[in-house]
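Below: the structure, in structure tokens.
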Amino acid sequence: MKKKGFNWLSYENAPQAMSIDSRKRFNYDIFSARTGNIYTTSLLKQWTDWSLGFSSRPDEIWYDNKRFYDPFRPIVEPNGFDTKEELMSNRNTTINAFKDCIVNADYFVFTLGLTESWFSADSGLEYPMCPGTAAGIFDQSKHVFENQKFAKILENLETAIKQMRLINAKLKFILTISPVPLTATKSDKHVLVATMQSKSILRAVASQLSDEIDYVDYFPSYEIINSPVFKGTFFEPNLRGVNPVGVKFVMDNFFDCLTSKYGNYMESKSINQETVKTSDDVLCEEEMLEVYGKR
Amino acid sequence: MKKVLIIGNSHAGTVRRAFEKLPQNTFVDLGIDITTCAIQFLHDNLYYEKGLLRTNDGNTSYYLHRDTGKHHINLNDFELILSYGGGLMSNPVAWNNHVLEFISGRYSGASIKQSHIDCIENSAVIKMLSPALQTNTGKYKIVCIPSPVPNQLHWQLKNINAMLPDYMDFVETIYAEYFSKRDIGFAPLPRELIAENGFAVDKRFKKETAEDFIHLSDLGGAIVAKHIIETIKTSL
């Protein structure tokens, strides 16, 4: 989108002298605010609540081997934080940046990724991934699994959208569904069944909101990548990650749709192969699960 | 005869001039026998006055850090390569940002540290030396001295009232660790050059003229010159 001249907002920027490689390692220039991936609608609402003041900011931290880790952003810092104070200050920076994004954006693109989620039994707060995978130590008595149902997912997304509109009445939303299948499932179902269940629910939620609310739209990247017409050619050899050709095809369709609906909205340049991110550039915490599973 | 090469940037021009103004017995007093040690500057016609480099033929120009590596010289002719500045700490824009980011509280210590390391790796002197470092072909010893932080600069830092007495320690620890891993010596700046705020050069040692508010005065240059001589003595 940046190559096409879109103003992708970034309100949490790297130290200016940081190299491109280091920025990537520290998760700068990847997220508009360094929240890490937000896979569930409940997690989106949680970040919205914190940033817009609908709930108090969390104080939970994880401590391991003399380093401090953010349970709500376990991968943003490659090796955690030096001190608790540093972690809390940095977390507040992200929360404030997330608010800046909401206040200043014209469009908010959200990809619904997962129904399976992990919560703190004590606080009820949601973690973006299972404790003990990227950071923290799993404790069955403290960490609760939930495979979220349609009604909860819908309610959280609808509430988050309405909260954002309270502070930015012109904000519009584009919903997509992650085309990436589950690597593993905590449910007692086969991962194929769990994947289809998850995608179906998320797709139905996206459809319901985009059909009912005029400032919410849906873009079918999920359908494009998974369409039988393309015989799985948009997937990497692991049949999970989307390859650069698939990403380019989806984005070209996205821009074509804009052009056909709104005309030549801006002078566009074609995306050449060099500018297309490789699938290695697209970060996904579930890849951590793959590593974790091999231990 | 042990040969020492001093490479660097515009600040090295200031030191070059300071070297020539040092009393004749300075080297002897500091234990350097000038009959057995020859000190050569990479830019043998480098003087820094009024914000411009002046060459022996009277021409003036701005020094560009990226030009450091353009001088083809056989480093193996020397026993000691002493890098003074060459982008190490001396990039004013980068330094301003480092200080502002350090104060802001927006960044983790690790990310601030990484941005300093990226700055070091992007410096003219490291780019010049890195081929030799990577192939381990150099027979010479390398010691790096950062050039004075060109600070209390006009636009941003003059409005900073923060006192950061530990800041230079923080930065120089990063430098020392970085160079130690690469078998390069590191000589921190003389602390007397640094102002009370902990991150800027004390104005007593700067030129503070309209033409040049970045480089050291003759007084500051003399302090660095002695520091360099002492570093040479301990390194050879």
Side-chain angles (χ1 to χ4, degrees), chain A residues 10-36 51 57 61-70 72-101 135, chain B residues 65-66 85-127 130 146-147 149-151 153 155-157 160 162 164 166-167 169-171 173-175 177-178 181 199:
Chain A
S10 179
Y11 277 97
E12 191 176 357
N13 297 312
Q16 293 197 35
M18 212 178 222
S19 68
I20 291 172
D21 285 347
S22 297
R23 285 167 192 241
K24 186 177 167 187
R25 199 160 63 83
F26 280 82
N27 287 286
Y28 284 104
D29 298 344
I30 295 173
F31 307 104
S32 291
R34 277 200 322 161
T35 56
S51 64
R57 299 180 177 193
I61 59 161
W62 288 338
Y63 180 73
D64 185 21
N65 199 22
K66 299 181 181 176
R67 301 293 295 173
F68 295 84
Y69 295 89
D70 190 339
F72 308 106
R73 308 179 302 149
I75 64 150
V76 293
E77 284 283 323
N79 192 30
F81 294 88
D82 293 339
T83 64
K84 178 181 178 181
E85 291 73 24
E86 182 183 284
L87 185 158
M88 296 300 284
S89 173
N90 197 266
R91 180 191 287 165
N92 281 330
T93 296
T94 298
I95 293 173
N96 295 337
F98 193 72
K99 179 180 180 180
D100 289 338
C101 293
Chain B
H65 284 181
R66 62 175 177 268
L88 301 178
M89 284 197 189
S90 60
N91 181 333
V93 176
W95 186 258
N96 279 3
N97 288 332
H98 283 322
V99 175
L100 291 168
E101 287 159 357
F102 185 83
I103 293 170
S104 75
R106 291 172 56 88
Y107 300 102
S108 66
S111 63
I112 292 278
K113 178 180 177 182
Q114 187 60 54
S115 72
H116 278 86
I117 290 172
D118 291 343
C119 237
I120 295 171
E121 297 198 323
N122 200 36
S123 66
V125 63
I126 293 301
K127 283 183 175 175
S130 61
S147 52
V149 182
N151 246 312
L153 268 177
W155 60 93
Q156 289 170 311
L157 293 179
I160 295 178
L164 302 172
D166 299 331
Y167 186 65
D169 288 339
F170 170 77
V171 173
T173 300
I174 295 170
Y175 272 71
E177 188 179 305
Y178 177 88
K181 286 179 181 172
F199 56 84

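Residue numbers start from 1 in every chain, and the chains themselves are labelled A, B, ... in the order their sequence lines are given, proteins ahead of strands.
The pair E77(A)-R67(A) does not meet the salt-bridge criterion, since no charged nitrogen lies less than 4.0 angstrom from a carboxylate oxygen.
Taking the six-membered ring for Trp and thresholds of 30 and 60 degrees, Y28(A) and Y107(B) have ring planes inclined between 30 and 60 degrees apart. Ring pair Y167(B)/F199(B) is perpendicular by interplanar angle, where above 60° counts as perpendicular and below 30° as parallel.
With a 4.5 angstrom heavy-atom cutoff, H116(B) does not touch chain A via any of its atoms.
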So L88(B) and V125(B), side-chain contact (heavy atoms from CB on, under 4.5 Å) or not? Walk me through it. CA-CA 8 Å; L88(B) 301 178; V125(B) 63; 3.8 Å; yes
Might you work through the side-chain contact (heavy atoms from CB on, under 4.5 Å) test for L164(B) and F170(B), ending with a clear yes or no? CA-CA 10 Å; L164(B) 302 172; F170(B) 170 77; over 6 Å; no
Determine, stepwise, if the pair E121(B) / Y178(B) fulfils side-chain contact (heavy atoms from CB on, under 4.5 Å). CA-CA 10 Å; E121(B) 297 198 323; Y178(B) 177 88; 3.1 Å; yes
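For S115(B) against M18(A), the heavy-atom pair with the smallest separation is CB-N, 4.0 Å.
Across Q16(A), E12(A), R25(A), the residue that shares the most heavy-atom pairs under 4.5 angstrom with chain B is Q16(A). Ranked by heavy-atom pairs under 4.5 Å with chain A, the first of A110(B), S111(B), G109(B) is S111(B).
Contacts from residues 89-101 of chain A to chain B, taken as heavy-atom pairs separated by less than 4.5 Å, involve S89(A), N90(A), T93(A) in sequence order.
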